[in-house]
> 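Below: one structure in structure tokens.
In what follows, every chain begins at residue 1, and chains take the letters A, B, ... in the order their sequences are listed. It should be emphasised that the depicted structure is a prediction, and the values quoted were computed from it without experimental measurement.
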There are 2 protein chains.
Amino acid sequence: MTPVAHIVDDDPAVRDALQWLLRSRDVSSETWDSGEVFLHAATSDLFGCCLLDVRMPGMSGIELFDRLRTTQCRIPVIFLTGHGDVPMAVKALKDGAFDFVEKPYDDNALVDKVLSAFAHDERRNARAESIQQVRQRLAQLTQREAEVMQRILSGKLNKVIADDLGIAMRTVEVHRSHIFEKMQVRSAVELSQLLGILPENRDV
Amino acid sequence: MTPVAHIVDDDPAVRDALQWLLRSRDVSSETWDSGEVFLHAATSDLFGCCLLDVRMPGMSGIELFDRLRTTQCRIPVIFLTGHGDVPMAVKALKDGAFDFVEKPYDDNALVDKVLSAFAHDERRNARAESIQQVRQRLAQLTQREAEVMQRILSGKLNKVIADDLGIAMRTVEVHRSHIFEKMQVRSAVELSQLLGILPENRDV
DNA sequence: CTGCCTATTGTGGATTTCCGCAAACCGCGC
DNA sequence: GCGCGGTTTGCGGAAATCCACAATAGGCAG
């Protein structure tokens with residue numbers, strides 16, 4: 001999939017200038033004349049980055065950013081602003097914005113930032129895809145299998161797990177084998193590594 | 001260990017005001033009158049946060065920040081500046097600064113930020129300590145043991161590892177047992193989880 | 001009611017892991 | 001040279017895993 005720079009600005013001249021600039025370096029872009037329009041059209045599978053004007057009539061770039069984050073969209077966002085505002089920039093970045101650029105911007109530097117955001121999004125998507133895949137496999141596990149898996153990951157022996165759940169060792173073995181099959185791994189080590197990529201297991 | 005706010009500012013009045021403010025909310029602080037002095041005294045085991053004035057004669061807060069990062073010091077840094085400068089704020093934050101505050105600042109909000117930075121540093125230290133511990137254990141492994149461990153983590157069976165390294169299975173078993181002992185784990189699963197916290201194994 | 005899924009258990013055997021006991025070789029430092 | 005640590009290997013047994021074959025039982029949808 002080709003990355004696209006989504007330009008959201010109320011000023012047609014700014015949109016066109018940006019699009020022209022990006023095209024000059026072979027960067028695909030789409031333009032939107034308001035946050036509302038973009039938000040309506042934006043699906044969660046956008047790929048590339050956003051260039052948001054901070055100050056727009058109606059929904060501001062900041063508000064649009066908030067709305068995007070409260071949905072599932074994690075596309076990198078580069079803010080463009082004509083009014084130097086340090087607190088706003090700080091808040092935006094701490095909230096996860098990719099960059100915050102003052103106008104007038106340096107043409108080359110801005111395109112570089114866009115390309116950098118593209119690269120960032122590519123890594124993010126790859127990671128998200130892996131996570132999604134793992135979650136899909138996890139979802140296939142039955143309740144009981146999940147219970148057994150949790151104990152396998154605690155390093156417990158089948159015998160202990162059996163005692164733990166009050167069932168026969170043989171049953172644990174069957175569950176274990178089903179777990180490996182559904183999770184598409186061949187050992188407990190692989191299983192542990194597979195689950196290691198999930199955010200909820202990375203809070204050490 | 002008690003967290004300390006390290007105040008670096010060339011203006012004695014500012015230092016005192018900050019220290020007084022922090023003390024009023026039971027926050028310990030130390031003051032330094034220049035980046036050079038602080039950098040000289042700063043060890044890597046600082047705990048708390050830094051409050052750096054951006055504009056100082058001699059070494060600027062920004063430069064001090066850079067110097068801290070090029071050493072091993074990862075203490076959270078809050079910048080204080082009287083001159084709103086968006087690009088500088090953006091760069092500082094993207095380089096890992098904890099916050100960037102314009103003067104005049106809101107007293108309560110600033111202390112809150114300091115406390116937030118303390119909490120952040122506490123988590124960071126706990127994590128760093130775990131990582132340090134794991135690295136210490138890893139360092140105890142011999143070359144051969146490291147080779148075997150790597151293959152264990154690939155989920156290979158002892159038999160395969162033996163073929164792989166051209167040695168007897170019994171030898172692999174011995175190495176395996178030494179590895180578990182030195183790494184202080186009792187199964188390959190635990191080993192995998194232990195190594196999962198290392199940054200170099202989290203790049204999935 | 002029948003078929004499918006889930007959970008459960010058993011038997012028995014092949015494979016693997018884990019470990020104590022024993023021993024050999026090598027390189028390095030005292 | 002002697003000791004120490006690292007690497008290597010063998011033997012043999014206890015414990016655990018893996019797996020095919022087989023069977024029982026409850027729940028639920030068609």
> In whole angstrom, what separates A:H178's NE2 from D:dC19's C1'?
11 Å
> If you find the nucleotide of DNA chain D closest to A:V174 and the one closest to A:S187, which residue's nucleotide is nearer the 5' end?
A:S187
> Is there a side-chain polar atom (N or O) of B:S177 under 4.0 Å from OP1 or OP2 of C:dC19?
no
> Quick one: does A:V54's side chain get under 4.5 Å of A:M88's, heavy atoms only?
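A:V54 reaches A:M88 side chain to side chain.
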> Report the relative orientation of the aromatic rings in A:F38 and A:W32; use parallel for angles under 30°, tilted for 30 to 60°, perpendicular for over 60°.
perpendicular
> Could you tell me the separation between the CD atom of A:E173 and the C1' atom of C:dA7, rounded to a whole number of Å?
15 Å
> Taking atom C1' of D:dC18 as reference, at what distance in whole Å does atom CD1 of A:I179 sit?
14 Å
> For A:R186 and D:dT17, what is the distance between atoms CZ and C1' respectively, to the nearest whole Å?
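Roughly 14 Å, once rounded to whole Å.
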> Which one, D:dT17, C:dT8, C:dG20, comes nearest to the side chain of B:R170?
C:dG20
> More than 12 foreign heavy atoms under 6.0 Å from NZ of A:K159: is that the case here?
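For A:K159, atom NZ is not crowded (no more than 12 foreign heavy atoms under 6.0 Å).
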> Would you say C:dA7 has OP1 or OP2 under 4.0 Å from some side-chain N or O of A:T171?
no
> What is the separation between atom NE2 on B:H175 and atom P on C:dT17, rounded to the nearest whole Å?
15 Å
> In plain terms, say whether A:E63 and A:R67 are close enough for a salt bridge, that is, a side-chain N and a carboxylate O under 4.0 Å apart.
yes
> Under a 4.0 Å N-O cut-off, is there an ion pair linking B:E173 with B:R176?
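Salt bridge between B:E173 and B:R176, a charged N being under 4.0 Å from a carboxylate O: no.
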> Name the orientation class of the two ring planes belonging to B:F100 and B:F79 (parallel below 30°, tilted from 30 to 60°, perpendicular beyond 60°).
tilted
> Output the residues of residues 134-168 of chain B in contact with DNA chain C, where contact means a heavy atom of the residue under 4.0 Å from an atom of the strand; sort by number or write none.
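When residues 134-168 of chain B is checked for heavy atoms under 4.0 Å from DNA chain C, the hits, listed by number, are B:L157, B:N158, B:K159.
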> Tell me, for nucleotides 23-30 of chain D in 5' to 3' order, what letter each nucleotide earns: B for a base near a protein heavy atom under 4.0 Å, S for only sugar-phosphate near one, - for neither?
--------
> Confirm from the modelled atom types if B:R176 and C:dT17 form a donor-acceptor pair under 3.5 Å, side chain to base only.
no
> Looking only at atom types and distance, does a side-chain atom of A:R202 sit under 3.5 Å from a main-chain N or O of B:R202, one as donor and one as acceptor?
yes
> Is a salt bridge present between A:D164 and A:R151, judged by a nitrogen-to-oxygen distance below 4.0 Å?
yes
> From B:M149 CE over to B:L138 CG, what is the distance, rounded to the nearest 0.5 angstrom?
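CG of B:L138 is found 5.0 Å from CE of B:M149.
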> Over how many whole Å does the gap from B:M169 atom CE to C:dT16 atom P extend?
7 Å
